[in-house]
Protein chains: 2
Amino acid sequence: MKPRFFSRHKETIFYSLIMGIALFALRFLEIRFFVFDYTMEFFVAGIALLFTALGIWLALKLVKPKTVIVEKMVPAKIDIEINQAELDRLGISKRELEVLQLMAKGHSNNEIASELFVSLNTVKTHAANIFEKLEVARRTQAVEKAKKLGLLA
Amino acid sequence: MKPRFFSRHKETIFYSLIMGIALFALRFLEIRFFVFDYTMEFFVAGIALLFTALGIWLALKLVKPKTVIVEKMVPAKIDIEINQAELDRLGISKRELEVLQLMAKGHSNNEIASELFVSLNTVKTHAANIFEKLEVARRTQAVEKAKKLGLLA
DNA sequence: AATCGGCTCATACTTTCGGGTGATTTTACC
DNA sequence: GGTAAAATCACCCGAAAGTATGAGCCGATT
C-alpha cells in the first residue's frame, strides 16, 4: 500500500530483525551452555557491550551529521555586467574596451600593441577614440572614469 | 601523573562508571525480583534496549559536528585608514603621497606641480621615487598598486 | 659638528603619449 | 553588392612622462 515505507525504514527494520535474531541466539546459547549463577555478570556485561556498540553504530548510521554554519565575510562584488549599458551609451567597441582594460592594468601602448598583436599606431588610434568617447585627456583619467562608470571588471 | 588523562577521557570514564553501576543495579534487581525461567527474554531485551539507547546517546554526544562554511556577502568598504602601515613599510613620505594622490586623480605632472607650488622637475623626482618604492614603471601602475594596497582614499 | 632623510630644483636625454590626418581592410547588415 | 561601422595601420609633431645625475636647503638625530 505504501511502497515507500519499507525503503524509508529498511535500516530500522533490518536492525530490529538482527536484534531479534541475536536475542533468540542468546536464549538458545544460554539454555545450552551457560550456568547463570556464576556467569551472570559476564553475560550481562557482554550484552551491554554488544548493544552499546550496536547503538553507536546505529546512531552513526542514521543520524544526519550535525552541521555548524560558519559565516565567512567576503567583499561584495556587485558590479560586473553593469557595464554593458554604459558601453553602449558611450559607443565603446569591443576592441576599444580591450585596450581600455589593458590600459587600466598600467600597460604602455607598446605593451598593449604586443599583447593584442597589433601595431603601436593602432593602439594609439583606439586610445584616442577612447579618450574622446570618455571625454578625457589622459589615460589615467580614462582609467579613473572607466572604473567609476563600471566599465571594468 | 598525567593530569590531562582524566580531562581527555572523562566522558569515557563517566560512561564506564554508569555502565558499572547499571550492571550492579541489574544484578541486585535480578536477585531480588526476577524469576529467570520466565522472564529471561524480557530481561535480556530490556538490557539490550537500555544499552542500545546508551550507545546511541554516546554516539550523538561524541560525534564531531560537521562544519559548513557559508560565504556571506558584506559591502566591501572597510579599507580607509589601513594605509599608514603600508606607507611606513614602503617608506613613502608625505609629499610623495600627495603627488601619488593627485596622480591617482588623473592630473598631469604639470598640474601637480602647479597645485603643489613646486617645479615640474620636483614632481618628476617625487614620481620617480614613488615608482621605485612601489616597484613599478609607470604612473598608471603606481595608481593601481596604491589602490590595491589601500594607500589612497 | 656631523650625519641623515626629506624636499626642493636643475640639466640633459630618451621614451611614451596624445592629436591630427588620412588610408586600407574586415566585418556586419540591408 | 553596396554601405556603414569597426578595425587596422601610417606619418608627423609637440607635449608629457620617465631616467639619470647632481646639488642645495633644512630640520632632526647622534
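Here is the naming used below: chain letters follow the sequence lines, and residue numbers restart at 1 for every chain.
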Student: Take atom CZ of A:R139 and atom P of C:dG19, then tell me their distance rounded to the nearest Å.
Tutor: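 About 11 Å, once rounded to whole Å.
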Student: Provide, to the nearest angstrom, the distance between the NE2 atom belonging to B:H107 and the C1' atom belonging to D:dA15.
Tutor: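 Going from NE2 in B:H107 over to C1' in D:dA15 covers 18 Å.
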Student: Which one, C:dG18, D:dC9, C:dC7, comes nearest to the side chain of B:E96?
Tutor: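 Among the listed nucleotides, the one closest to the side chain of B:E96 is C:dC7.
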Student: Any idea which heavy atoms bring A:I92 and A:L97 closest together, and the distance?
Tutor: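 In terms of heavy atoms, the two residues are closest at CG2-N, 3.9 Å.
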Student: Between A:T125 and A:T122, do the side chains contain a donor N or O and an acceptor N or O under 3.5 Å apart?
Tutor: no
Student: Taking for each residue the nucleotide of DNA chain C bearing the nearest heavy atom, is the 5' side occupied by B:N129 or by A:T125?
Tutor: B:N129
Student: Look at the side-chain N and O atoms of B:N109 and state whether any lies under 4.0 Å from the OP1 or OP2 oxygen of D:dA16.
Tutor: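 No, because none of the side-chain N or O atoms of B:N109 sits under 4.0 Å from OP1 or OP2 of D:dA16.
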Student: Considering just the side-chain nitrogens and oxygens of B:H126, establish if one lies under 4.0 Å of OP1 or OP2 belonging to C:dC7.
Tutor: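 Answer is no, no contact under 4.0 Å.
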Student: Which heavy atom of A:A104 sits nearest a heavy atom of A:V143, and at what distance?
Tutor: CA-CG2, 3.6 Å
Student: Looking at side-chain heavy atoms only, is the closest gap between B:M103 and B:I112 below 4.5 Å?
Tutor: yes
Student: Could you tell me the separation between the CD atom of B:E98 and the C1' atom of C:dG6, rounded to a whole number of Å?
Tutor: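 Value for this atom pair: 13 Å.
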Student: Indicate whether OP1 or OP2 belonging to D:dA10 is found under 4.0 Å from a side-chain N or O atom of A:N121.
Tutor: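 The answer is yes; a side-chain N or O of A:N121 sits under 4.0 Å from OP1 or OP2.
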Student: So, is A:R138 near the phosphate of C:dC17, with a side-chain N or O under 4.0 Å from OP1 or OP2?
Tutor: no
Student: Hey, does the side chain of B:S119 come within less than 4.0 Å of C:dA10's phosphate (OP1/OP2), counting only N and O?
Tutor: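 Affirmative; the distance criterion is met.
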Student: If I take atom CD1 in residue B:I112 and atom C1' in nucleotide D:dA17, what distance separates them, rounded to the nearest angstrom?
Tutor: 11 Å
Student: For D:dA7, take OP1 and OP2 only and decide whether either is under 4.0 Å from a side-chain N or O of A:R95.
Tutor: no
Student: Between B:F131 and B:A137, which heavy-atom pair has the shortest distance, and what is it?
Tutor: CD1-O, 4.3 Å
Student: Considering just the side-chain nitrogens and oxygens of A:T122, establish if one lies under 4.0 Å of OP1 or OP2 belonging to D:dA7.
Tutor: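 For A:T122, the contact criterion (side-chain N or O under 4.0 Å from OP1 or OP2 of D:dA7) is not met.
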Student: Base, sugar-phosphate, or nothing: which does B:A127 touch, judged by heavy atoms less than 4.0 Å apart?
Tutor: nothing
Student: How many Å lie between CG on A:L97 and C1' on D:dA7, as a whole number?
Tutor: 15 Å
Student: Starting from C1' on D:dA6, measure out to NZ on A:K94 and report it in whole angstrom.
Tutor: 9 Å
Student: Using the closest heavy atom to pick a nucleotide of DNA chain D for each, name whichever of A:L120 or A:K133 lands nearer the 5' end.
Tutor: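 In this pair, the answer is A:K133.
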